[in-house]
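Each remark here refers to the structure printed beneath this line.
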Amino acid sequence: MNDPVIEIAQLSRRFGAKDALAQVTLTFRRGGVYGLVGANGAGKTTLIRHILGLLKAESGSVRVFGLDPVADPVGVLSRIGYLSEENDLPGWMRVDELMRYSRAFYPQWDDVYAEKLRGRFGLDAAARVRTLSKGQRARAGLLVALAYRPELLVLDEPSSGLDAIVRKDILGAVIRTIADEGRTVLFSSHLLDEVEQVADHVILISDGRILISAPLEEIKRHHRVGGRTPSLEEIFVSLAGPAEEGGEPGAKAG
Amino acid sequence: MTAARAIAWEFHRRHRVASVALGAYLGVFALMKWLILGPGAMIRLDPPNGLAGFIIAPVSITYFYLVAVFSYGLSGDLAARESIFPRRILALPVSTRALAGLPMLYGVLACATLWLLTAALVRMMGVDVYVPWVWPACLAAAYLAWTQALMWMPYGFPGVRVAVAALWLAVVDALVLVSLNYRASEWTMVAICAPQIPIAYLVARYGVARARRGETPDWERGTRRSADGPKAAAGRRSPRVFASASRAQTWFEWKRHGRILPAMVALVVPVELVLLFVPGNDTAPVVFLTLGVVLITPPFLALFAAAGVSTSTTYLMTRPMTSASLVAAKIRASLASTLVAWVVLLALVPAALAVSGTLPVFVERVIAFDGAVGHARTIAVAAFGFAVLFAATWKRLVQSLCIGLTGRDWVVKSAVLLALVFLVAIGPLLDWLRADIRIQSVIWHALPLVIAAVVLMKAIAGAWVAARLARSGVIADRALMTGAAGWLATVLALYGALVWFADAPSIPRYFLASIAIVSVPLARVSAAPLALAWSRHR
């Protein structure tokens, strides 16, 4: 149950002069819901792209299901459900074509579940993806990411720019995935109230460095001030917010 | 700062290094020429000498660079249906007239200035022919203005933009060449070139206005069933399931890019075949010339359709398939695309011959050829010719995969620039070779060495790619061996066919063998999975 799904060791990545990731070491265990939080440009997407094998580790290593995602993209990607912020689904496909096309890649695709999700999301099977609203496109992306019940669900800023109803759908999907025993969820977001609702483990990243990686309850307990438990947002601002005079961001990281 | 100054400042700010580099280069070149060769050494342009090359090449590169900059070709997706005019600029609070007009004005001034500076430099250094001042500047400006207009226009098919631009610029070019052939005066040339600029501006303004309103036609819509209505949904059969991931991916590539080439052939070939219907065009030379043009149309159009085939997206890269399988799907879809394009062409040509009344002319010549060489050879020549054209079409679709799939802008744009430089340089080079018998003699005697060098280069490139493929594990060893065996078998088959056709003592066998080796694609197609893996795992 607690064997690692993702193991990242001493991962570093530079884009020009900027450290996108610096000496990142993380372990994601099976069955966990991991919220990856950080400001824009903190390194969340870079970290996720390494997990998907879309970026090669410059130094350090990434193992997903014990495999190198660069050396064995099929072995890794066939077990991951991925929804990106860009959600670049092919606009020319109809929703039913998208389902049929996606089905071919995943032997464990569940037709009944896929149809159930399509009905729940109110997606017209005959509608072309490009004619869908942004929220509908996010739902279509979520459908094809969930319908094969992936072992690992990776959501990169899935709620970005979406209305409250679609965000609720996405959170609902995360909760349902958690209900499926043994499945792991990693989702990045800067909407901290969402993370607080579903994550049981929070990773706070700033300027490519991991400031905190701990269970949510432990983080809250650690940052309790005078008997008051601060919200995740307050903790985030105190750790990664602008440096105060004489201080540095992350100075409170334990 | 006004909007006009802001737009000008952006062009200047982003590209000032290139203009300074060209100025510095030409300055240094003029100084070195003066110091080393002395003021008496002339630049020969008819035919061009080596000294001319030092002017022609960098000025041509700079001109194409300016065209790319001012048409926003460096940042836009040329294969897309949507206008490549940057969206952020479309949103500026500036009139459409100014949005289209200002980049055109700056571009026209930059191109005209480039020519005037070049002409001044060449005249200053001494040249063997008259170098006109005005009309080449007008032509350069007109070329740029047309490129801008055609690049900014939204189109109904992906990949059509480049084909339309190439065809239209070829028409403009032909007009100028015909005028020069008839020794038109400088002011006649100006009268031909200059009025094109305002016309191009009107076209550009129309394109930018459509882009601004988000109007992008969808010509594919007419070729498929209307799928978005409830009626269509009710009447549609439930889609069948793909037997495998590779079939699904081939279907994806076919739907995404495969239909472009057949559509382009279906659009262009009927226009070419109209020539058969012109009164007086029923003579054998005109009929066969028209058919010749029609037959080289698919390979020619495939060059433009290839731009779409060699694109990739994050969505594609996250498919759980190996890079080799993703490339294989592109190759299979390209094969289907080639096949359908030729089926379209082979349906149109006999119909046009029959309806135009030129079929008897064609049949008569074929019978005469058959009588001269025999049945077997006639059939073999037809089959071989078709196979060569078919293979050429497919090869053009897939040979740029190794460039486009790298996903690196600088690789793609450098390749385009090199191709343009080659196209610019090849004319003067061939002219130079044609005019100099001494050089021809040297090349003729060195022909075996030249051929050996070309074959050796191909073999080295192939071996390097194979080694990289084996080391990276992108392709399994067995697939690599099968590919190598398939390539060898194809080369041997082609060699056998060439020997059978051209079995003459004057044509050495090694020459035929080298043609077979050079013709069958190896390194570039094999490098496509490496290119995709490089882009996929950055």
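All values below come from the heavy atoms of this structure, side chains included, with hydrogens, waters and symmetry mates left out. Just so it is clear: chains get the letters A, B, ... in the order the sequence lines come, proteins before strands, and each one is counted from 1.
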Give me the atom names and distance for the closest heavy-atom approach of L89(A) to Y315(B).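 Closest heavy-atom pair between L89(A) and Y315(B): CD2-CE1, 3.7 Å.
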Minimal heavy-atom distance between P320(B) and V74(A), with the atoms involved, is O-CG1, 3.5 Å
What part of [X] gets within 4.5 angstrom of chain B, counting heavy atoms only: side chain, backbone, both, or neither?
| X | value |
| --- | --- |
| S84(A) | neither |
| M99(A) | neither |
| Y82(A) | side chain |
| R13(A) | side chain |
| P107(A) | neither |

Quick one: pull up [atom1] in [X] and [atom2] in [Y] and give me the separation to the nearest 0.5 Å.
| X | Y | atom1 | atom2 | result |
| --- | --- | --- | --- | --- |
| H537(B) | L52(A) | NE2 | CG | 11.0 Å |
| L77(A) | R319(B) | CG | CZ | 8.5 Å |
| R536(B) | L54(A) | CZ | CG | 8.0 Å |

Within-4.5 Å side-chain heavy-atom neighbours: [X] and [Y]:
| X | Y | result |
| --- | --- | --- |
| M321(B) | P73(A) | no |
| R49(A) | T314(B) | yes |
| W534(B) | K56(A) | no |
| R256(B) | P90(A) | no |

Contacting region of S244(B) [heavy-atom separation from chain A under 4.5 Å]: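 Only the backbone of S244(B) comes within 4.5 Å of chain A.
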Between R247(B) and chain A, which part of the residue has a heavy atom less than 4.5 Å away: side chain, backbone, both or neither? neither
Should the pair Y101(A) and F252(B) be assigned to parallel (<30°), tilted (30 to 60°) or perpendicular (>60°) ring geometry?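 Taking F252(B) first and then Y101(A), their aromatic rings lie parallel (interplane angle under 30°).
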Greater than 12 external heavy atoms within 6.0 Å of R213(B)'s CZ: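 More than 12 within 6.0 Å, yes.
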Is it the case that more than 12 heavy atoms not belonging to K116(A) sit under 6.0 Å from its NZ atom?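 Count not over threshold, so no.
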Is it true that the NZ or CZ of R103(A) lies under 6.0 Å from the centre of F242(B)'s six-membered ring and within 45 degrees of the ring axis? no
